[in-house]
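All remarks here apply to the structure that follows.
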Amino acid sequence: MLDLRLLRSEPVQLARNLARRGYRLDLDRLTELDRRRKEQQIGVDTLRNERNTRSRAIGQAKAQGQDLAPLLAEVATLGARLAAGEQALAKLQAALDALLLDLPNLLHDSVPDGQDESANKEIRRHGEPRRFDFEAADHVAIGERLGGLDLAAAGRISGARFAVISGPLASLHRALAQFMLDLHVREHGYREAYVPLLVSRQTLTGTGQLPKFEQDLFKLARAEADSELFLIPTAEVPLTNLAGDRILEPPELPLKFVAHTACFRSEAGSYGKDTRGLIRQHQFDKVELVQVVRPAESYAALEELTGHAARVLELLDLPYRVVALCAGDIGFSSARTYDLEVWLPGQGKYREISSCSNCEAFQARRMQARWRNPESGKPEPVHTLNGSGVAVGRALVAVLENHQQADGTVIVPAVLRPYLGGIERLTPP
RNA sequence: GGAGAGGUGGCCGAGCGGUCGAAGGCGCUGGACUGGAAUUCCAGUAAUAUCCAAAAGGUAUUCGUGGGUUCGAAUCCCACCCUCUCCGCCA
């Protein structure tokens, strides 16, 4: 959520910034709504003040045994007028909230211009894509040759965009997740968290998935009551919301959480995209990093967090590049995002395996995540960051494809071997 | 699922329907005392919106959430949510 004060003080800059994303801000409507809400608020406050004053007078009169009738007559119409005013205010407030919750975050100045991913800016590369002296297979072929990747079975059980992984491949998948968790906990200073996978509408509103992107989520309806829960699309949602509705004391910051969870996305609107293999699934595992920091430190934290994710790829000996997302490609809640793209020999392309974002105060304002700024002594929004560290399914794909051998085996990266009983190589049966 | 108890400020804990944003205590902050500290004493100590150029201050809202009764609700009524205890079931 954007700061309304910014709208009042610098409306034009704000609209121009949003326009870089391709978002057309109806400034007149927003300004008018804000003005009317304020006006109505003042009106209602005045009426309430009158009611309170008169009620107090009635109380005193009663205590002194005076006749209440004339006093009661004076307030006869007050209730109705107040109720009408309150109703109008609620309506205006709801309209304003709806508009505000729909606005994406402001972009950081450093975000490159552009409409889609073709305009993303490469920041750096690490590692050389390996040269194969045989035809590199993609992960589906490798997985089936090794045994243990069964997309057909998943289709029978659940439908498209699910996978069954079994045997050593499943162990490798698990080893990847555990390696990442251990790395971030032991070397990068994150606190491991186990969190709910089902969350409320309010929680998803806090991080910005709702109200705008409901079609991307899986929702569970419960028959009794009108309660609803959503499957999380990323652990960013529960982890970031840990700071919601709190006023953190300075020594508590930064909060650094890591969690390994399943993630669920309906992938609405992605028909025909990445239909083969594990790249785009309704359910996938991810190790997620979240930081809650002092505003002045959030851009340093973004570099740090991105480095933590990159470290995973480096230790797995996977070539990757870092790209800064352009204005048109960056996510709704983010002010600046780096994607890590891993080299996939099976596709001959770099593909996203992590996305690291600084949301600045955008999510914090939505979820009331604050800290007490010692300089002002007042509660102010914190800055929140998140990044995959990294997507486990895609990491599995990358390991299989990058470390495949001519004989159909796959070399297990050294850092994973302790998690796999020391085996160095996956071998077809 | 059944039976019961309860949700009040950072925490504990009072609160006859009428200056209650809320006693008291703890914690925290500042001051006095001290060579320094402890003790003790004094004072201060919520958030949000809004008015004011800003500060000071004023006004409004907030006692789990939403609705209702009333001139007036932390206090009465209804619904829901959550926590705890016991029983049942279960990993």
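So that the names make sense, note that chain A is the first sequence line, chain B the second, and so on, each numbered from 1.
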Query raised in the report: With side chains defined as the heavy atoms from C-beta onward, is the minimum distance between A:Leu30 and A:Leu103 less than 4.5 Å?
Result: yes
Query - Evaluation steps, side chain to side chain donor-acceptor pair (under 3.5 Å), between A:Asp245 and A:Gln368 - result: CA-CA 5 Å; A:Asp245 282 317; A:Gln368 300 266 68; 5.2 Å; no
Give me each pair satisfying side-chain hydrogen bond (donor to acceptor under 3.5 Å, both in side chains) with a member in [range], each pair once, sequence neighbours excluded.
range: residues 382-400 of chain A; answer: A:Glu236-A:Asn386, A:Ser298-A:His383, A:Gln363-A:Thr384
range: residues 192-208 of chain A; answer: A:Ser200-A:Thr203, A:Arg201-A:Glu214, A:Arg201-A:Glu228, A:Thr207-A:Gln209
range: residues 82-93 of chain A; answer: A:Arg37-A:Gln93, A:Arg48-A:Glu86, A:Gln93-A:Asp97

Query raised in the report: Distance check: side-chain N/O of A:Asn49 vs OP1/OP2 of B:A60, anything under 4.0 Å?
Result: yes
I need the [atom1]-[atom2] distance between [X] and [N], as an integer number of Å.
X: A:Gln202; N: B:C81; atom1: CD; atom2: P; answer: 16 Å
X: A:Asp3; N: B:U48; atom1: CG; atom2: P; answer: 12 Å
X: A:Leu78; N: B:U70; atom1: CG; atom2: C1'; answer: 14 Å
X: A:Arg246; N: B:A47; atom1: CZ; atom2: P; answer: 16 Å
X: A:Arg201; N: B:C80; atom1: CZ; atom2: P; answer: 21 Å

Query raised in the report: Considering the options A:Glu288, A:Gln291, A:His184, which one meets the side-chain hydrogen bond (donor to acceptor under 3.5 Å, both in side chains) requirement together with A:Tyr190?
Result: A:Gln291
**Report entry** side-chain hydrogen bond (donor to acceptor under 3.5 Å, both in side chains), paired with A:Glu32, selected from A:Arg35, A:Arg36, A:Arg29
**Finding:** A:Arg35
Query raised in the report: Do any pairs count as a ring pair (Phe, Tyr, Trp, His ring centres under 6.0 Å) and have a residue in residues 65-108 of chain A, sequence neighbours left out, and if so which ones?
Result: A:His108-A:Tyr299
Requested in this report: Name all pairs fulfilling the ring pair (Phe, Tyr, Trp, His ring centres under 6.0 Å) condition that reach into residues 351-382 of chain A, sequence neighbours left out, sorted by first residue then second.
Outcome: A:Phe332-A:Phe362
Query raised in the report: When you look at CZ of A:Arg372, are more than 12 heavy atoms from neighbouring residues, nucleotides or ligands closer to it than 6.0 Å?
Result: yes
[N] versus [M] - spacing of their [atom1] atoms, nearest Å:
N: B:U75; M: B:G7; atom1: P; answer: 12 Å
N: B:G64; M: B:U70; atom1: P; answer: 23 Å
N: B:A43; M: B:G35; atom1: C1'; answer: 26 Å
N: B:U48; M: B:C41; atom1: P; answer: 33 Å
N: B:G6; M: B:C16; atom1: P; answer: 15 Å
N: B:U62; M: B:A73; atom1: C1'; answer: 14 Å
N: B:A47; M: B:G9; atom1: C1'; answer: 10 Å
N: B:G2; M: B:C89; atom1: C1'; answer: 12 Å

Query - nucleotides 49-58 of chain B: protein proximity per nucleotide (B base, S sugar-phosphate only, - neither; heavy atom, under 4.0 Å) - result: SSS-------
Query raised in the report: Using Watson-Crick pairs (N1 to N3, plus N6-O4 or O6-N4) and G-U wobble pairs, both distances under 3.5 Å, which stems of at least 3 pairs involve RNA chain B?
Result: B:1-7 with B:81-87, B:10-12 with B:24-26, B:27-32 with B:40-45, B:46-51 with B:57-62, B:64-68 with B:76-80
**Report entry** A:Gln60: partners by side chain to side chain donor-acceptor pair (under 3.5 Å), with sequence neighbours left out
**Finding:** none
Report summary line: Applying side chain to side chain donor-acceptor pair (under 3.5 Å) to A:Glu314 and not counting sequence neighbours gives A:Tyr320
Okay, side chain of [X], backbone of [Y]: is any donor-acceptor separation there less than 3.5 Å?
X: A:Gln178; Y: A:Tyr419; result: no
X: A:Ser334; Y: A:Ile330; result: no
X: A:Asn17; Y: A:Leu107; result: yes

Requested in this report: List the steps, then state whether salt bridge (charged side-chain N to carboxylate O under 4.0 Å, His left out) holds for A:Glu267 with A:Arg265.
Outcome: CA-CA 5 Å; A:Glu267 296 295 348; A:Arg265 297 184 183 176; 5.2 Å; no
Does any residue of [range] have a heavy atom under 4.0 Å from RNA chain B, and if so, which ones, in number order?
range: residues 363-373 of chain A; value: A:Arg370, A:Arg372
range: residues 50-62 of chain A; value: A:Arg51, A:Asn52, A:Ser55, A:Ile58, A:Gly59, A:Lys62
range: residues 79-98 of chain A; value: none

Query raised in the report: Taking atom types as modelled, is there a side-chain donor on A:Asp285 or A:His260 under 3.5 Å from an acceptor on the other?
Result: yes
